[in-house]
Structures are given as structure tokens and as C-alpha cells.
Amino acid sequence: MRQPEGFRARNMDQVRLTHLLQQEWRDGRKSVRLSFLCRAKPMDCYRAGQCPINGISGEVLQIAANQCCPECVSTTPGSCHHEKKIHAHGTEWSSSPCTVCSCTHGEVRCTPQPCPPLSCGQQELEFIPEGSCCPICVGTGKPCSYEGHVFEDGEYWPLSRCAKCVCRNGAVQCFTAQCQPLFCNQDETIIRVPGKCCPQCSSRPCLAAGQAYEHGEQWNENACTTCICDRGEVRCHRQACPPLRCEKGQRRAQRHGECCEECVSPAGNCSYDGVVRYQDEMWKGLACEFCVCDHGQVTCQTGECAKVECAQGEKLTHLDGKCCPECVPSNGYCVYEENAKFEGEKWEDGPCKVCECRGAQVTCYEPSCPLCPVATLAQVVKGQCCPKCTSVHCHPDCLTCSQSPDNCDLCQDPTKLLRNRQCVHSCGPGFYQAGALCLVCHESCSACWGPTEKHCLACRDPLQVLREGGCESSCGNGFYNKQGTCSACDQSCKSCGSSSPRCLTCTEKTVLHDGKCISECPGGYYADATGRCKVCHNSCASCSGPRASQCTACAHPQALRQGYCLPTCGESFYPDHRVCKACHSSCLTCVGPERSHCTQCKKPEEALQVEQLSGANITSGECLSQCRTQFYLENTGLCEACHQSCFRCAGKSPHNCTACRHSHVLLDGQCLSQCPDGHFNQEGSCTECHPTCKQCHGPSESDCISCHSHVTLTGGNCRTSCKEEQFLNLMGYCADCHPLCQRCAADLHNTGGICLKCQNARYLLLGDHCVPDCPSGYYAEKGACKKCHSSCRTCQGRGPFSCSSCDTNLVLSHLGTCSTTCFPGHYLSDNHACQPCNTHCRSCDSQASCTSCRDPHKVLLFGECQYESCAPQYYLDFSTKTCKECDWSCNACSGPLRTDCLQCMDGYVLQDGACVEQCSPSFYRDSGLCKSCDSHCLQCQGPHECTRCEEPFLLLEAQCVQECGKGYFTDHANRKCTACPQGCLQCSHRDRCHLCDHGFFLKSSLCVSNCIPGFSAHSSNETCTGRRHTPGLHVNGSLTLAIGTMKPLDFSLLNVQDQDGRVEDLLFHVVSTPTNGQLVLSRNGKEVQLDKAGHFSWKDVNEKKVRFVHSKEKPRKGYFSLKISDQQFFSEPQLINIQAFSTEAPYVLRNEALSISRGERGTITTQLLDIRDDDNPQDVVVEVLDPPLHGQLLKMFQSPATPVYQFRLDELSRGLLHYAHDGLDSASDVVVLQANDGHSFQNILFHIKTVPKNNGGLRLVANSMVWVPEGGMLQITNRILQAEAPSASASEIIYKITQDHPQFGEVVLLVNMPADSPADEGQHLPDGRTATPTSTFTQQDINEGVVWYRHLGVPAQSDSFRFQVSSATDTHTHLESRTFNIAILPKTPEAPQHSLGASLHMTAQEDGLTVIQPHSLSFVNTKRPSRKIIYNITVPLHPNQGIIEHRDQPRSPIRYFTQEDINQGKIMYRPPTAVPHLQEIMAFSFAGLPESVKFHFTGEDLNLSFIRK
């Protein structure tokens, strides 16, 4: 393997260094330590002994020859004092960059730094450049000024690391480093060495911690670990620390940058630059200064250089980063064209190349020449550095050319594309369009949209398939083959059918549903044990399995409870987002979890105190032992509000009060402000006075306060003069009492009387008479019948709670009230009275039949609340806590559905929760259960006993597989894998074996244990052979050839051997075809392509009839494999590596400076920098060797915006490359780029010019070069020429042609003129417009499309005019004069010409036919009539864009027509039937038939566009 230059010496140094480091780690020495990185970073040095650093003891720090750290040496007599420093006798030092001083016996001698001998020519002078010590030879010509510096004639200066400039008699010429082509071995890669301008071949680099290291490069991973890169592998050595025991008074410490701990004294530590230093520790500070920590104090001293005497062949050189000069070999040299060049020598190789010898390598610089303008050819002139631009007639297709007239750089027709330096209408197969270029596709693509192997649209190899833009041998997992294209089955599919997008298997954490792999089953499905989605029961919105009825979510209005979807949640639960949640423990039903959310109480004796309306008129509240004040208990169990007049009540009516507020009194269920006449207030209730009193203060006859008008009040009594058994009525006269009444009084409320005492003492008072018993509706109290409460039919006392019977529509509650229904916890008896339920029942319909249970742990079964679980064939209904019957097929179940079975009746078996007579085909029976077969199995007899698989799986030993594997072949008819015969590992049929197992041998497609007589067993390929040796094939090196060429195979590449026969009888067999080309065999004068399994003879190779042909569009590196045979035995296949190299290097077609303002960003387009490569542009990579100093190169759309160090040609052609100025003050900037195609390297100097910034005033936005046919006209649009100013309108921006008017044409205004306008007012065109020459126009004229350039037909290559732009709003400001450039396209005699004034666009009606008029489309040829000018539509309009039709063939799209058809109005545009956008551009292209002209209308320049209105 070839090593990179300098690697061997460096590697030996590193080996020695590693040995030294390991030796020091083993010894643990404390002596002066040498750091091999002393020039790369500050180092630490230990003091040897106790050397006072201040020099008082007569010792000084001295740096020995070629060392980094100083030593303490005794000062010798004769020390020198120089510039306030002491230098020992025999030492040397640098007093200034160009002066070397020495001390000899106390005397200082300073001499200039020795310079190499210089010999200048006759016309040269010696000159010392600024910052240099030694002179150089310069010329006597004019000096140059560059970036504020003055350089003498002949003086060179570095422009950047890889570019330099020279002054040649007042003119600055800059050069870039020249790189030689590279040809790396197969196992090598091209690497870029930091600090070098050209790449080199190297073994694979290593990547560590985000950094790349070359082969052999060494680095420190940390203080303890040193690593080295060994052919792409990182090998590290970790320092082993020795055991450490510290003496008394010492402690362990780890010094700065050290791996192992040491014993240090804790006293006297120092802190220096944030690092802790210990006693006697010495380190290097700045320059040659050394510091030491001494009892807490840091003292620094400059080291002295010991006297150095160089040996023969060495010279004293002051190396960068070293304190003292060192002896280095002086015999460094380079070899250039068989001539030796000394280190540092510079020379010129002709006028175009400057070379120098640095580090034993020659670097040559070539000039960055300006490129030739349009319509010129660059021709090399002998003796001149840059080519001469010569005016030539390029090929008719070329606008510009180089190298030869038919090598186009730009096309005449701006709508054409450049492919392999030829101008074409379309890129064609194998190419893709990037801007105006056709770039080659990757070698694997026959069509593509980009350069890489992932940009294919079709595959070149018909056996390959297109997968995600790349061409592969098979689609692989997750894809299926759809007519040669791999279409994704689904994003998460692991595999699918060979020709179907439906998934067969899924990746982890996904499930299979309807042929697709998804993260989870959709609503209404659940994943079974095999990862497949199965439909839930119709009661579930979603479910979890393993049964379809195990719901996890429910559809509205059902709610989920314990895996079931219920219409109502049932007792003790409420629905929350369609999930049943537990109520408070006091609630039977509720609307929420709180105590106040009850809608029914769990205990029937409790009352529900309503707090609020919960929505939908549902009341909720708290369960209490009794209702709160102003509420009463209703038979619904709710506390209902009393009438507002009541304090307590028995009903809603104002007559149902049982207590009143303090300010009111109770009378017959009503609350009054005061008692009426005949009543007195007794503890808040109105009690009747004695019937003789009108008003009273007590119940007795003597408690009267007033009497009626005819009665006299005497001593609290109301007395009359009537006889006994009489009473004084309200009229004032005495009336008789009722016959049964012994004593009576006047009724103050009626005209009659009231009986006070009966004749019969056993009788009861009732109004004005006496009765033996109280009638219905009355009750007896204190010898009188009193009326029952209005709610009672009969009663036992006063008030609403003393009823004994009720009206027919009411029932007698347990409270003694008449109610519409019984209260909770009670049932209605036969006598219409409410009786309490059994103590176990919460509700019941009789004493022996519960309808719900009081104990929540009990279930209702057969009307009893005694059981904790349901009986067999019953399940628990959660909503009612009631045991209900299972489906008839279940012996045990969890719900009412036929799929809720847990156990089956005899004769049935359980499958997915349902009881069936026999299992389905995809299930097998196991202990009364139907269990699912394995995945992809359609029918089985038990676990892992599949008998039939789903497509495309195959049955292999009772398992379903996608491929049969070794020892089996596919029996497609029976969809299974059939075993190969005994001993056969690979076969395609029962009697056709291809590979045998160990111990068997292949003979006639069969595997035999012993070979037949005459044949011997050959162990290498396990075949029966009659020979002893197999032929051998060896490959010598690689097959190398130029890109796109062919090379015959020969025996210098292919080394064949055959010990048992003649090599001439051997056959070569193609094992694998070339990856980047073809093998062809010449037979009978014809070239035959050799495919896989093809063969050719030894004679064919010897006669060079077998050739490898490299495909130009394919990679340079490739391979193919061959094996040889004697027609019985085969050799092992051998790989032949292919290396195709580019013969045409990248080159620069255009290189113009980018003008940009400070702080602005500009686009680097191919109009400024155009890099080409004629044989492999897709491989060209442009790298940034030296980035700009005053800005950054950036890529568009790249986030975050980071500097670009590499880009491709298509990125440049698409305008993705930008330069962003840093805003600092600079006149210019420069970038050194390197374009390489993997073999050749072209360094490019790209300049950036800083121009004054436009501060929001008038500025020119566009000024593009244009092309016009000879004798033709060109419309100057705002894409070509545009200016803008913030405060001015388009009509106020004025262009004035100031000087240098067009020489070969004129600028005209093309406007519609009145019919009676003077004839001399410009040239009248056939379409009615007039071309009027002008020298002044506005931006509005440009925007309206009336400004044209008209060529006068004079043969010329180019034309131009200078103009100034000003604003009418600011007459004092105008832009500096600019030039407008026009390229003249030569006239092609055989081609028709575009008619003057033909606009190539038209306006079409959206809802009707539009005739294409001659002023929209017209071409003429003076030698041919209009009927022979033929248009061929090559890209027809899409049906939704309308059609082009002939007047004689309506609604039929036409493919071609003539100019005569246009002139006669026969060609029309018909819009589509559906109305699309209000305004839409329709573009199509025409290509000429023979004797016709080709046009390409794409929406720009000469476009034929339709605007529908």
C-alpha cells in the first residue's frame, strides 16, 4: 500500500515518542519532561533540583539545542548584559526578527540573520519586502497598488493560502495553486490535508469526536489516552498510573494537564491564569518565558539559548513557535521535471506558471485570466499568459463557443438547453435539467430529476426496480413491485404481498388493520394476540379484547362501566364523558362525585335536599335525615319547598303550613299576620275562643275580651237575658237551640247558633246540634267533632299527618299523610296503605319481593337480597344490581349477548366469547375452547400445526413463512415448501439439486454420498470430479481506462493456471456484470454483450476480443467478477476492480466579479461564475480552499445559515450560492475555489468588488444582456431593464440615451397610432402599430411593453448604448452612466424569421373560440410561401387547458398547421368546458418539421401565451 508523503518519517517519530511516553509512565520520573506538542500549545516543565530562578546563585535557565524545556546551568565567567537581560557565555539569541546576537567572553556581537545567496538578472534589482529580513529580486518596471499596499515590479505577495499575486510593470496578475491529477488505489480515498492547497491519496481516515484524522495521525483523547489512526481504525493507548504512597506532610494532587496523581506539598501553592501550580513546578508562559512556583510566589524568567553548532549538511533556522534557533537539514529539495530545486526556491515555468519548493513539495501557481466575451473564441497565443479573444463564427447553434467552434458555451436560442456542449430542445434520457444545463443522471438511472442515485425516475437495468428514487435488485420489506416501481405498502409495514400494497406483517408497536399497519386499532376494533385488528361488538365504540364485547369506550348516549356499554350507568354511578364513575356513598344515583351531586338517596328513609338544577331539569342535592326548614319531604324522596308563607309545611299549598315565622300565626294550615275574631294566639297557633266570645285571650268562657253587638261583657263573660236552651242571635232576639242541644250560643259567622252542651252527655257537639258519632271527615276531640285536614278522607286527629284513609286517587303514606304514591322503601298494601319493605330491600313490591337491595354488596336474585353473586346461567346487570338470564347458549356469561359467554352448554365449544357447535377453520379446539391459529395461518390442527397459509405465505413444517430457505423449494401449486432430496441444501425441484450438504457431492443435479467409479470427491466445491486439481484465477491490480472508453481484457490483468490440463481449454464465466459498464465479446464482426452467466474462451482473451466498455454516465469506480472452469470444475470467483479516470478536467467558462454593497447579500450565478466539465459534470465538486476574508459563502434554504465549504455545479446553476458581506470597510474580497471531478483539480480565483451602498434612493435593479436575431426586434421588458425609487412612480423614472447610441439598430416605441397620423411619424407595421425611434423613455413604457430594440439588419456580433436614469421627483439626482448590451444572433438563411410586431401572445375569451391572428403568431421566409411554413405542436395542451383546433375540424385537437392557416384565420383556441381560474397562462411548444422552424414556447421571451378573460 502506498503511504502519503511524509507519513513514514512522522510515523517513526510517533513510534519512538510512544515508547518514550510509555517508558516515562513506567518509571514515574520527575526530571525535565519534553512535550512533543511544545510548538502547538503551552507546555509544563519540571525543575531539575532546586534551581533558583532569579539567577542570584549563579545559575540561569538555558535551553539546550533542539529542546523545548530549559535546564539550570551554572553561569560561566564572561556573561553578557544586553537589553536589560543577562546572557551566558556561548549563548545565542534573537534580538529582533532579523538580527541574531551571541555572547562571547562578555562581548555581545549582533549580526543580520543569514540569508540565502541571491543572484539577480540584468534587469532586476535587490529589494527587501515589508516584513521580510532577506532581499528578493524585483524588476525595474512600474510598481503596483493593491488593497492599499504598493508592490515593486516583479514582487510577489500572498493573496490567500492558495493564491498569490505578482506585479508586472504596473499590472497586477494573480495566480492560484495548480494541482496535479490524482489516481488513487481502490482502497484509498482523496483527502484534503489542512494547510495544503492540493489533495492527496490516503488510506481511509478515522472519525473521532467529530474530527477526521489521517492514517498514521496521532492525537490525545484526554490527559491519559493517546490515539492513532490505523487505516480507518482508531487505536488508543491509556497510560497506566503507578501505585502512589505519599510521605508525611504530602498529599495527592493532579497537576494541570497530567494523567496521574503525584505527591505534593500542600504549602506554597500558586494560582496562575486560573490554574493551580504546586511547589517547584515550572511551566512555559508566553514566548520564551518560563515561570516557577516557589512558596506561593510565581517568578518568571526568559530562558537563554545555548550555543548551537550545526553539523555539516544542516543550517541554523528559527522555527515558528520555538524559543531558540535549531539545526535542521539544509539539503531539503524538490524534483521538478527531473531537475532538483532547493527548499524555498521559486521559479517561473513560462509566462503562465510560477512554482516554488516548500516542504519537499512543488506547488505551482497558474494565472486567473479574464474570460472572453460573447461571440469570441479563446485562442492560446505563444508567449502570452492569458488567451486571446478572437472573433469567430461559432456553430449556428452556439451564441459563444470555446476550444472549437462547435463546442457551445451558450446557445443562440435562449430557450434551448446545453447538453455535452451541444444545444438541444430537451435533455432527453439519461439527463436532467439544472437551469440551462443538461446534467447526466446517476449511472443506475435511465431517467432522473437530480444527480444522485436517489434521484432516479426509471432504472437503466431492466432487472432492477425503482425504490424511493433509487434502483435496487428487489423492493425489500415495506414495499411491493408495481410495474417496476417499488411502492410503499404503508409507512409502518414490515412486509407485504409481492404485487399488492396490503401489509402482511407489521413492525413492533403497530397492528394490522385492513391491509395496513397502524399504531393502534381504529375506533370499533381491538388488537388480538396476533396483532390484528378485530371488530368490536356493536355496543362498543372501542374495545380492548380479548373478547369483542370488552368495551373501552362507548358511543353516545351509552356509557362505559366495567367493560360494558350501558344505556344508563345504574345505581351508585354517573356518566362522565361516556364513562361511568362512582357517586358519593350517600347517593343511589347522582350527576357527580360530590355529596351534593345526589339525585336519589341510597337510604330510602333519607331525604334529598335539592341544591341546584344539573341540566336537562335534573335536580341534585344532598341526602339528609330530614328536610331543612321551609322544605317538606315529598313521596319522590325529594325535599320540596314550602309555600313562601310557611316556615314548615306538609305540602306546597299555602294551606299546608305546619309552622309560621315569628311575625305570623298558624290557623288551619295557613299562616296569618294575626288571629281572626273568635281565635287567640296560643304559642304561634290560633286557638278558638269560647263560642260566646267575639274576641278573647283564652279558651274559657270567662276569657272574653269583646262580644257581639247585642251581648254585654261582664267580668270576662258575655251574658244574655235569654232563657236556657235559647241564644241571642245576631239580630238581637232570642232563638231556640237545637232540640238535642241543652245550651247554645250565637254563631258569630252564621245566622244560626252553636251548641255548647248536649242534652245527652254521650253525644258529641257538631255545629248547632249533637250527634252520637262524628261523621266521615271529622274526628272527636274534647266532646266535639272537628273537621279533618283537607287532604284526608278520614282522620284520627287534627293536621295533615293524622289521616286514616284517603281519596280513591291517593294512598295513605307511612307518615299518615295522603300522597300520590308511597315513599321510597315502602310498598302499597291491598287496603291502599303504604307498608315498609323488608329490612334487606331498598325497594320492593311486596313484603316478600324486593325490587332493589339496601346492601350494595348484595345482588337481587329471585326477588331476594340474600346473595353476593348470581346463580349459573345468570349475569349481573350493573345498572340495576340485578341478576338476569344469560343467552340460551351460555351456561355462564358476563352479559346478555351471545358473545358474552364464559362457559357453554353441553355440545357447544367457546370461541371468542360465543358458544358454537364447532371451531372455525382458523381456530383449533383445546379443552372446550377454540383457540386462534398462528399468525398468517388460515387453517390448523393445533398450536404450531398449520395446514394452510394465507397468500403469499408458504407452508413449511406446519409454519407459515415468506421464503422456504435452505433444503426446500417452493411448490407454488400447493402453496407450501417441499423438502429437497436427502443431502441437498438448495434445489429448484425434487430432482434438481444445486448445492449439497457437508458429506455429499453433486453429480448430475443429484447429491450422492459417494462418487461413482472414475470420479473423485472434490471437497472445495463438493462435486464429483475425475480430475485432481481445479483451475485457478488470480487478478493482478485493477482495470484502468479513461471515462467512457473501452479496454480489452488481457493476461496482464487475468492470471490463469491449470495444473491438470491446457489453459487454452479454459472457459471464463461472468459471475456478476460490471457495475459501471459492460463486457462485450466480438464474434463474427458483431459486438455481443456478456450478461450474468455468460462465458468466453481463453482464445477470446488472447485475441483481445473481450472488452470492457465504461458507461460515461456511471461511476468511475466499479467491479465485476469472473471465474474459470475446465467445463467440469470451477475456480473461486475473483473480483476485478475497475477505475475509470477523467480525461477532461473541469474548466471555467465565465468568471466575473460580484459587485456588492457593504453588509449586503448577493447571488453567485452562472452569469458570474460558470464552471463546466465535458465528460462528467455530475461528479464535479467545488470546494472552498480559502474562504472570503470579509464575508461568508452561504447556501439558500440552508438553516441555520452556516458557511458553505462545498457545493455542486447544479447548485451553482440554480442560484443557490450566495455571498454575504460582513459590513466592515473593505474594497474587495477574494475566494479560492477548487473544482474537481475526482481526478483533476482546478483552482479558481473568484473576486468580490465592494461598491457604494444605495441608501434608499434611485437604483438600477436589472440590466441584463439580451439576444436579438439579425434584422429582428426584441421587446425590452422589466425583467431585462428596471429601475426603482421609493418616492417615484414608474412614469417618473426616466431613461435617457446619453452617448454611444446603438450602431447597428435603434430603440423604438411600438405604439398604436391614429389612422390620420402623419406618414412620417415612424414606421407603420401591418398590425396597425408604429415603431417610433426614441432616445428617452420611462419605466412605465417598459412595464407596458412598448420599448423595443430593432436591429437594422447590418451584420454584427453585438451592439450597445449608454444611458442614464433619473427621477422626476428629484431632478438633481441621477445614476452614473450604464451600458445596455445586445448580442446579435447571426441569420440562418434556411430558417423562417419572426415577423416584426408578432407578439407571440394573445388574449382569449374564457367562454368562446378565439382565432389566432397573424399579429400574435407570424413567421416568414422570403424563399418559401406561407403554406410551407409548418408548425408542429410537440407538447399539446392538457385537456383542462383547452385545445388548439382547425376551423374545419371543430373540437378535434390538431398536431400541426401552416402559416397560411394562421393568415386565413383557420386556427383557433377553444377553452376548457369547466371554468378554471379567472386568468391563466397557457403555454405549449412548437417544433418544426423538415423545411420548418423550431420554436419552444415556455412562458418567457418568445412565448405564445393565452390569457383568458
Side-chain angles (χ1 to χ4, degrees), residues 17 20-64 67-75 84-86 88 219-226 237-305 321-324:
L17 167 66
L20 288 173
L21 287 176
Q22 292 172 345
Q23 184 66 37
E24 183 177 344
W25 291 335
R26 288 193 297 268
D27 297 347
R29 294 178 293 185
K30 302 295 189 297
S31 61
V32 174
R33 176 172 59 90
L34 170 64
S35 170
F36 70 97
L37 294 176
C38 65
R39 285 201 289 166
K41 64 179 182 180
M43 61 178 182
D44 301 337
C45 304
Y46 297 132
R47 294 177 58 191
Q50 299 295 324
C51 170
I53 200 167
N54 53 19
I56 298 176
S57 66
E59 290 183 324
V60 295
L61 290 177
Q62 190 178 85
I63 305 170
Q67 298 296 316
C68 295
C69 291
E71 297 175 345
C72 290
V73 298
S74 300
T75 56
K84 299 181 180 181
K85 294 181 181 178
I86 300 175
W219 68 96
N220 287 337
E221 189 176 85
N222 51 49
C224 298
T225 307
T226 302
H237 172 78
R238 181 174 177 83
Q239 177 182 350
C241 296
L244 185 65
R245 295 184 64 181
C246 296
E247 297 177 2
K248 187 176 182 180
Q250 293 184 323
R251 66 180 178 87
R252 294 171 179 262
Q254 192 169 14
R255 295 184 186 271
H256 176 67
E258 290 296 305
C259 172
C260 299
E261 292 183 328
E262 298 179 11
C263 295
V264 298
S265 174
N269 295 348
C270 305
S271 178
Y272 186 82
D273 285 343
V275 178
V276 176
R277 303 290 183 173
Y278 298 95
Q279 176 67 26
D280 293 337
E281 184 176 352
M282 178 185 288
W283 66 95
K284 183 182 177 185
L286 302 175
C288 299
E289 186 181 64
F290 295 87
C291 302
V292 69
C293 176
D294 190 9
H295 295 93
Q297 297 294 322
V298 175
T299 307
C300 298
Q301 180 180 341
T302 302
E304 298 179 353
C305 300
K322 285 293 188 85
C323 297
C324 301

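Annotation: the span from C246 atom SG to R252 atom CZ amounts to 5.5 Å, rounded to 0.5 Å. Rounded to the nearest 0.5 Å, atoms CG (D294) and CD (E281) are 12.5 Å apart. Expressed to the nearest 0.5 Å, how far CD of Q239 lies from OG1 of T226 amounts to 8.0 Å. Separating the OH atom in Y278 from the CZ atom in R251 is a distance of 5.0 Å, to the nearest 0.5 Å.
Taking every heavy atom of both residues into account, C270 and G296 meet most closely at SG-C, 3.3 Å. The heavy-atom pair separating W283 from V298 by the smallest distance is CZ2-CG1, 3.8 Å. When all heavy atoms of C291 and Y272 are compared, the pair lying nearest together is SG-OH, 4.0 Å.
A salt bridge is defined here as a Lys NZ or Arg NE, NH1 or NH2 lying under 4.0 Å from an Asp or Glu carboxylate O, and R255 with E262 meets this definition.
Disulfide criterion (SG-SG under 2.5 Å) for C259 and C241: not met.
Residues L244 and C263 have side chains in contact (heavy-atom distance under 4.5 Å, counting atoms from C-beta outward).
With sequence neighbours left out, N269 forms a side chain to side chain donor-acceptor pair (under 3.5 Å) with no residue at all.
Of the possible donor and acceptor atoms, one in the side chain of N222 sits under 3.5 Å from a partner among the backbone N and O of C224. Panel note: side chain Q250, backbone E247; a donor-acceptor pair is recorded below 3.5 Å.
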